[in-house]
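Okay, so here's the structure we're looking at.
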Protein chains: 2
Amino acid sequence: MPDIKHFDPDATLETVVRLFWRQGVASTGIQDVVTATGLNRSSLYATFGGKQELYFAALRRYLEQRSQPMFRRLAEDERGLPAVSEFFAGLIEARCSGEYAQWGCMVSNAHAGVENSDPKVRDVLDQHHRELREAMYAALVTAERQDQLAPGADPGASADLLALLAYGVNLRSRAGADAASLRKTVAAALGSLGVRAAA
Amino acid sequence: MPDIKHFDPDATLETVVRLFWRQGVASTGIQDVVTATGLNRSSLYATFGGKQELYFAALRRYLEQRSQPMFRRLAEDERGLPAVSEFFAGLIEARCSGEYAQWGCMVSNAHAGVENSDPKVRDVLDQHHRELREAMYAALVTAERQDQLAPGADPGASADLLALLAYGVNLRSRAGADAASLRKTVAAALGSLGVRAAA
DNA sequence: GCCATCCTGAAATAAGGATTCCAAGATACT
DNA sequence: AGTATCTTGGAATCCTTATTTCAGGATGGC
């Protein structure tokens, strides 16, 4: 009966993610998407709908494919503070060097743009924040069980703090902040939480 | 000889600041500026140049009129930790309620957009960060002199941390984060620095 | 091999973007 | 008052935008 798709929607969406991630939604035209994906306008609209829906699909994909795996790894790491330390080390590495250097975080970027006026987008932002905070909280509770936290340190409040700190890292790295100084800042934050600074 | 301007460039620029602050540069058209300021395209271009120059002038004005006064007040406050605490209280208040609620910080927003690809813009972002950090540092050194800091707390590293935390507050508040939870997070951060949580 | 069904390509549409131009009006010095 | 100089309003320019349309090509069950 019908013809089948002549392209891979998933690979296409991944290309679109990178476009919106780097340039934001307002500065990315459909023409950019057409050029980057190599497929046709008609196929784009037929598969994903308009620009707004395309952006939303890309944002969701970023959350699921990029953010959540990191959150899961953090939450399930049983080492406590070293897990948190490693999370930030990986974050800073990814933000400051390699293919995605100075791209920031697509979700963090979405906070600052007009994207966030769409309620569905805002839901994704809130979900991202909630999941980041809870992963951090899980790691800190694990740390507390292993007596890695300074007396009086509250895992809940500390999770909030470290989550916000991650947004700061994402933002500043997009403007070219130095990886070394970001690492030092994170180390200081973790040092103030733990009985001893975590490697 | 010449005619004089029939409008106040300074008041106009303030209007433009609010446009770019709220919507970003990519989503704000010259038509929006014309409508909001009430003046004519010709006058706009003759006075400020094109859109990019207009945005840059607005960004500088934001830094000078909005950010730097806050930084100065923080740096010159002799109370130590209560000065830092009050800085964040005012920040959260301004970001979450009143005229500019959910607008975020124009400089923080610029980090996430394509604005930051302009080297001149990036210089402003760096200057903003440097001045924020140094104001924070000055307040923390004052706090240290008054024995308000926990033993082993480093004012330099803590200044870095609190500066990044401010970006996190700016970002999350733009997406509608709750003022109360932001306050709690900041309180926890300051509590981990001081011998006792500052009011 | 047929045909309904979908995909594809490229052009067409309609709206909006930034920027420029020019004639008309206002100014302040001589 | 005259005039050179600037400002102003509004139209005009040219480019880019998102979205739609449609004719033709490919597909797979019958």
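Chain naming here is simple, since letters A, B, ... match the order of the sequence lines and numbering starts at 1 in each. All heavy atoms count here, side chains included; hydrogens, waters and symmetry mates do not.
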DNA chain D: Ser42(A) or Asp32(A), which has the more 5' nearest nucleotide?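 Looking at the nearest nucleotide for each, Asp32(A) comes out on the 5' side.
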
What's touching nucleotides 12-16 of chain D from the protein side, N or O pairs under 3.5 Å?
none

Residues Ser97(B), Glu93(B); criterion side chain to side chain donor-acceptor pair (under 3.5 Å); working and verdict: CA-CA 6 Å; Ser97(B) 55; Glu93(B) 180 74 19; 3.3 Å; yes

For residues 101-108 of chain B, which side-chain donor-acceptor pairs fall under 3.5 Å, sequence neighbours excluded?
{"residue": "Gln102(B)", "atom": "OE1", "partner": "Arg122(A)", "partner atom": "NH1", "Å": "3.1"}
{"residue": "Ser108(B)", "atom": "OG", "partner": "Asn170(B)", "partner atom": "ND2", "Å": "3.0"}

Cation-aromatic face contact Arg66(B)/Tyr100(B), 6.0 Å, 45 degrees: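 Output yes; distance and angle both within limits.
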
When you measure from the centre of the six-membered ring of Tyr62(A), is the NZ or CZ of Arg60(A) closer than 6.0 Å and no more than 45° off the axis? no

Between [X] ([atom1]) and [N] ([atom2]), how many Å, whole number?
X	N	atom1	atom2	result
Gln31(B)	dT20(C)	CD	P	17 Å
Leu39(B)	dC6(D)	CG	P	19 Å
Leu44(A)	dT20(D)	CG	P	13 Å
Lys5(A)	dC6(C)	NZ	P	11 Å
Tyr45(A)	dT8(C)	OH	C1'	16 Å
Lys51(A)	dT17(D)	NZ	C1'	8 Å
Asn40(A)	dG9(C)	CG	C1'	5 Å
Ile30(B)	dT17(D)	CD1	C1'	17 Å

Suppose we screen for side chain to side chain donor-acceptor pair (under 3.5 Å). Which residues come up paired with Arg73(A), at least two apart in sequence or across chains? none

Salt bridge (Lys or Arg N to Asp or Glu O under 4.0 Å) contacts touching residues 24-53 of chain A (sequence neighbours left out):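 Not a single pair qualifies under salt bridge (Lys or Arg N to Asp or Glu O under 4.0 Å).
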
Among dG28(D), dA18(D), dA28(C), which nucleotide sits nearest the side chain of Ile4(A)? dG28(D)

When all nucleic acid strands are considered with a 4.0 Å heavy-atom cut-off, which category describes Thr47(A): base, sugar-phosphate, or nothing?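 Counting heavy atoms under 4.0 Å across all strands, no contact is made by Thr47(A).
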
Base, sugar-phosphate or nothing for Ser27(A)? Non-hydrogen atoms, less than 4.0 Å.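 The answer is nothing, as Ser27(A) stays clear of every strand by at least 4.0 Å.
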
Taking the inter-plane angle between the rings of His111(B) and Tyr167(B) on a 0 to 90° scale, is it parallel (under 30°), tilted (30 to 60°) or perpendicular (over 60°)?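 Perpendicular.
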
Between the main-chain N or O of Leu39(B) and the side-chain N or O of Ser43(B), is there a donor-acceptor pair closer than 3.5 Å?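 Such a contact is absent between Ser43(B) side chain and Leu39(B) backbone.
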
Short side-chain N/O contact to dT7(D) OP1/OP2 from His6(B), under 4.0 Å: no

At under 4.0 Å, does any side-chain N or O of Ser43(A) touch on OP1 or OP2 of dC7(C)?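 For Ser43(A), the contact criterion (side-chain N or O under 4.0 Å from OP1 or OP2 of dC7(C)) is not met.
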
Per the under-4.0 Å heavy-atom filter, residues of residues 53-61 of chain B near DNA chain D come out as none

Report the residues that fulfil ring-ring contact (aromatic ring centres under 6.0 Å, His included) with Phe87(B), sequence neighbours left out, ordered by chain and then residue number.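 Scan of Phe87(B) (ring-ring contact (aromatic ring centres under 6.0 Å, His included), adjacent residues dropped) gives none.
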
